[in-house]
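See structure below.
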Amino acid sequence: MASVPELPEVETTVRGLEKVLLGRRIAHIEPRRGDLRRAFPPDLGQRLTGSTVTALGRRGKFGLLHTDRGDTLVFHLGMSGKWRVDPDELHAHDHLLLETEEGKRLVLNDPRRFGSVDLVKTDKLQSSPGVGALGPEPTDLDADVLHSIFRGRSAPIKALLLDQRIVAGLGNIYACEALHRAHINPRRAAGRLSRQTVKRLVAAIREVIDEAIEAGGSTLRDYARPDGELGYFSKRFAVYDREGKTCGCGGVVRRIVQSGRSTFYCPRCQR
DNA sequence: AGATATTCCTGGAGGC
DNA sequence: TGCCTCCAGGAATATC
């Protein structure tokens, strides 16, 4: 199943990159075309060549490479972005090459080009357009705070879960899975959820995300497949992409469209 | 102000 | 087999 990178996939990717980049000096960085979603920073090569990667991290679906020169490379995998380690050869849509002093080569491939690569001053990261606008990580979600954010909102809960300013890192797949886990109908108005229900939702989000990260870690072993691809793994979903199949409760999974995208849920156990 | 629609992009799937 | 249309989706932007 070709799934879109969400928080767990980015986390797995970053852990894979950490193994080959942490403490290493960037000898060479080369855009192979000028842009993904946006143009690459024109001074990318100048600012990163010769710098040492001091730490890697993740915020929401953004991957972060911090350097000893006070710059942070911020990447987003969009819908189809992936990093490969030491590729045998270059493919179509290999948009960015990075080589360490040791000769490790990394390639960012993104056929649909919904991804992005930006360079931000590390001390300005929290006020940068992408990362700065993010809500809390699922780990830091507070049910009472979330409940008060939902108050008065008439939009369906599913739509608000996709809003990165409310929770960072959820995409269509894990939003569907979390709502299923919490037994919440995706069409319910967010403002009408009880405090107790929001508590259940927060727990479900954490579980779904943690299990996916766990699956990524155990499936990939060393966080790279034999072909060097980082971050993608197969995970079995309860409702996502399972229209017409039976839910664990005996109900039948339905697909509906909400604000232009698919929602999968079980009408029997999600009220 | 908040909710929803549109835009970007390409590969793959399905129809005829 | 080949051509066509449609669909997937994150996030920025536009519009209601």
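Proteins come first, then strands; the chains are lettered A, B, ... in the order of their sequence lines, and each starts at number 1.
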(request) State which of B:dA3, C:dA8, C:dA11 makes the closest approach to the side chain of A:F62. (result)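 Among B:dA3, C:dA8, C:dA11, the one nearest the side chain of A:F62 is C:dA11.
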(request) Check whether the side chain of A:R112 and the base of C:dA8 form a donor-acceptor pair under 3.5 Å. (result)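 Answer is yes: a donor-acceptor pair is held.
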In whole angstrom, give the distance that lies between atom [atom1] of [X] and atom [atom2] of [N].
X	N	atom1	atom2	value
A:N109	B:dG11	CG	P	10 Å
A:F150	B:dA3	CZ	P	11 Å
A:L160	B:dT4	CG	P	9 Å
A:Q258	B:dT6	CD	P	17 Å
A:K61	C:dA12	NZ	P	11 Å
A:H76	B:dC9	NE2	C1'	15 Å
A:I166	C:dA11	CD1	P	13 Å
A:L77	C:dG10	CG	P	12 Å

Check [Y] with [X], please: is the shortest side-chain N to carboxylate O separation under 4.0 Å?
X	Y	answer
A:D241	A:R255	no
A:D71	A:K121	yes
A:R24	A:E101	no

(message) What verdict does the side chain to side chain donor-acceptor pair (under 3.5 Å) test give for A:T54 and A:H66, after you've listed the backbone C-alpha separation in whole Å, the side-chain angles of each residue and the deciding distance to 0.1 Å?
(response) CA-CA 6 Å; A:T54 53; A:H66 305 293; over 6 Å; no
(request) Using a heavy-atom cut-off of under 4.0 Å over every strand shown, decide if A:G260 touches base, sugar-phosphate, or nothing. (result)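 Nothing, no nucleic acid heavy atom in range.
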(request) Give A:R151 one of three labels, base, sugar-phosphate or nothing, depending on what nucleic acid heavy atoms sit under 4.0 Å from its own. (result)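 No contact.
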Does the side chain of [X] get closer than 4.0 angstrom to OP1 or OP2 of [N] through an N or O atom?
X	N	answer
A:R113	B:dT10	yes
A:S154	B:dA3	yes
A:Q164	C:dG10	no
A:R37	C:dG10	no
A:H93	B:dG11	yes
A:R165	C:dA12	no
A:S262	C:dA8	yes

(message) Both A:R261 and A:G152 contact DNA chain B. Taking the nearest nucleotide for each, which residue is further toward the 5' end?
(response)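 Its nucleotide being nearer the 5' end, the pick is A:G152.
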(request) Please say whether more than 12 non-hydrogen atoms of neighbouring residues, nucleotides or ligands are located less than 6.0 Å from CD in A:Q196. (result)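 12 or below, so no.
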